[in-house]
Participant: 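Have a look at the structure that comes next, please.
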Amino acid sequence: MKAVCICFEVHQPLLLRWYWPREGYGEAHIEKYFDMEKAFHNFTKLADNVEILNNALSESMKNGGKYTFDVSGVFLEQCKWAPEVIDSFRKLDPEKVSFAASPYYHSVSSMFPDMNEFREQVEMDIKMIKEYFGRESKIFVNTELLFERRATKILKEMGFKCLISEGSHNIMNGYDPMHVYKNHVPTLLRHIKLSEDLEMKFSDISWPGYPLIADKFASWIAKMDGDVLTLYIKYDAINAHLKNNNEILSFLKDIPLSLKKHGIEMLLPEEAVDMFKKTELPSLDSKTTARYGMHNLLGNHAQHLFMHELVDIGEQLKNVKDPDTKKELLRIFRYLQQSEIFLEMNLEERRLGYEKAVNDLSILSDIERAVLEAGI
Amino acid sequence: MNSICPFFEVHQPYRLRWFWPDSKQGFDRYFDKAVNKEIFHKVAGKCYLPANRTLLELVDETDGYFRASMSVTGTLLGQCQEWGEDVLESFRDLAETGCVEFLDETCYHSLASLFESKGEFIDQVKEHRELMSELLGVTPCIFRNTEMLYNNSVAHLAKEMGYHAILTEGIERILDGRSPDHVYKAKDTEIAVLLRNYKLSDDIGYRFSSVWWEDYPLTADKWAEWVSQKSGETMNIFMDYETFGEHQWKDTGIFDFLKALPGEVRDRGMRFLTPSQTIDAYKPVGEIDVGDFSTISWADVERDTSAWLGNDMQRRCFEEMKLLEKYVKRTEDAEILKIWKHLLTSDHYYYMCTKWLGDGDVHSYFSIHESPYDAGVNFMAALMDFKSHVFRTLAEIE
């Protein structure tokens, strides 16, 4: 292996509340439908450690580390609860850091029949990155690492240099993704197993790989024969390790040095796509994918119903005339597109997923009502 | 025991489609015509037609000694009008005998009595009363609420609407040591209350063909003997009419049991009485007091409202229906009103019940859904679509 790209997803969803219609047919506003308390709680848990984590990354960068951050608009808006979180990312060495764009609301808008919503959310995200981090996004990562051809054409038009997506079995056919792949936009595919080693297994004492130190991880990568390995990891998962296992900080600091011992360089994705030749991967012309499979996002009856109504609400929204009402309803409509809302309706325990779906459809129904009333 | 008062609930709901927002419009957008028609024909063939014929024969053969009562819901009567004129005709024949008393209930076998405001409940009872007069030529004077849902308010309303008696479940917690085998009256109002003897009712309705039951097989002789040993005045036997031929198939001998019953009862010096005759024959021996927050019913082992409003899915759908009432009525659109009223039918909520404690099989009976969770998602999906239709309609007219 010649190079490694590491990308962190910095995001906390704003999930739907356990909602009761008896609250009445009033005005629609975010707090009525979304669980702000839970979001605040989860955000705080992460915010408290951002400084520690980013300090470790900063050390890592001094050792040759380079990292890409995929900060969602949803997360950025939560930063109003602790603005220093934004500063902590801003302080990182700009030479060693890049910011990836994605749909602002961590949304499944690329699955809508009309791509305008997707395009608008990507533009919002680009603007946000420019405004808060002063950077141009050259890389795009779709929500849940979704890969769809309709989106890639748009991304090319928008001038992205690199796309990161899921290296799932149906795309890779059992091989490890280790190259830059040819596409409308040059594509890097996430190495699922090694990403999950860091994301989920790192603190698992029963895992044979435990304890995972940077040297060990680097030696695994060194054995693989390819150009570039892509790791895409939830930033929050790294934070979760901190609770039981401070070693994650040393791991991050050491990993560039350990890789260097094997002649492996850490690169930003935009550098990797320039450096390596693009390999053909025919499955990219015919297949779609997403983290843990498309069926998890849009597989069961409840999810299809939710999607259908959501798209319908988007159409109805065009009739709303009062600008203030429209602004708030549009914001709610966009928060409703968060992938986690879809994932929750498809839990392994189907009963829980469906009970949640009844709740979510009830919320959607109230919003549709509010949109219809505002359209009068 | 002096007499037996049999009552049968005769009901089929309009079941929902497996909902998807397609181009269908109106009532058929939400309700599954094909499935409802098929079930109606199945149950008519196995139960309604043969059971009605058996009752007619019993009245004839015993020269009017045999008496019974029943409540036919508006939803079933609607299905008879659509698909089974012969079934309607046979109910009419029963009414003409004068030996089978017909009762009133909410037209849609609905949960309207559980609303805080009682307007819809009263409307639906009136609708049923008109339908009974129009289709069967009778004017009921006895009331029984959906699935025997009962509290003091329901009794008051029944009295105000002119009914002489109301039927409900003879559950221990309202009897407080007293026997259900007497006429009672409601608290603070002059309406008689007839209480189901659930033990002897369920011997026929549930246990009749259960081989695990120590008293299996049940014969008319044996059952009539048990009843005659009891010390009360009236043995109120209330059950689903589908017991005959559907819950208990013909080959279990349920029709033979029914046919043999009058002879066995007469041999023991007892009579059959309709609810009206029962309250004429016996004076109330005490009062029944059921607070509005302790509503009872005959459903499941809990015998409260939990079969319909026991979990969050059910409560959420019900709350939404309640909230929608005002808007539905503002549309003044007959079809919208009809759909909303049929969505209040108790069965939809019953299918979403997740208790599954011995009652699960009863909940899934006649349900089109594989699980209560499917039922919940499907109902909410249909309701959501309907609600947007209501608000679109309001937007057009206002």
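Given the structure is predicted, the values throughout are model-derived calculations rather than measurements. To find a chain, count down the sequence lines: A is the first, B the second, and so on, and within it residues start at 1.
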Participant: Quick one: sort the B:Trp20 and A:His301 rings into parallel, tilted or perpendicular, breaks at 30° and 60°.
Facilitator: tilted
Participant: Roughly how far, to the nearest 0.5 Å, is CE of B:Met384 from CG of A:Leu305?
Facilitator: 8.0 Å
Participant: Counting only heavy atoms not in A:Glu23, do more than 12 fall under 6.0 Å of its CD?
Facilitator: yes
Participant: Could you check which of B:Arg315, B:Met313, B:Arg316, B:Lys387 has the highest count of heavy-atom pairs closer than 4.5 Å to chain A?
Facilitator: B:Arg316
Participant: Distance check, rounded to the nearest 0.5 Å: B:Asp374 atom CG versus A:Asn300 atom CG?
Facilitator: 9.5 Å
Participant: Are any of the side-chain heavy atoms of A:Glu368 and B:Arg392 separated by less than 4.5 Å?
Facilitator: yes
Participant: Determine whether more than 12 heavy atoms belonging to other residues, nucleotides or ligands lie under 6.0 Å from atom CD of A:Glu31.
Facilitator: yes
Participant: How about A:Lys38: does its NZ atom have over 12 heavy atoms from other parts shown lying under 6.0 Å from it?
Facilitator: no
Participant: Given 3.5 Å as the limit, does a donor-acceptor pair link the side chain of A:Arg351 with the main chain of B:Pro372, or not?
Facilitator: no
Participant: Identify which part of B:Leu383 has an atom lying under 4.5 Å from any heavy atom of chain A, answering side chain, backbone, both or neither.
Facilitator: neither
Participant: Of all of A:Trp20, A:Tyr19, A:Tyr25, A:Trp18, which one pairs up most often with chain B through heavy atoms under 4.5 Å apart?
Facilitator: A:Tyr25
Participant: Can you list the residues of residues 110-128 of chain B that sit under 4.5 Å from chain A, counting heavy atoms only?
Facilitator: none
Participant: Report yes if the side chains of A:Glu309 and B:Pro21 come closer than 4.5 Å at any heavy-atom pair, otherwise no.
Facilitator: yes
Participant: If you count the non-hydrogen atoms of other residues, nucleotides and ligands that lie under 6.0 Å from CD in A:Glu27, is the total more than 12?
Facilitator: no
Participant: Among A:Ser362, A:Ala302, A:Ala357, single out the residue with the greatest number of heavy-atom pairs under 4.5 Å to chain B.
Facilitator: A:Ser362
Participant: Looking at A:Lys201, I'd like to know if its NZ atom is crowded, meaning that more than 12 non-hydrogen atoms belonging to other residues, nucleotides or ligands lie closer than 6.0 Å.
Facilitator: yes
Participant: Roughly how far, to the nearest 0.5 Å, is CZ of A:Arg369 from CG of B:Leu394?
Facilitator: 12.0 Å
Participant: Relative to chain A, which segment of B:Phe379 carries a heavy atom at a distance below 4.5 Å: side chain, backbone, both, or neither?
Facilitator: neither
Participant: Nearest 0.5 Å please: distance from the CD atom of A:Glu373 over to the OH atom of B:Tyr327.
Facilitator: 6.0 Å
Participant: Contact part of A:Asp312 toward chain B, heavy-atom cut-off under 4.5 Å: side chain, backbone, both or neither?
Facilitator: side chain
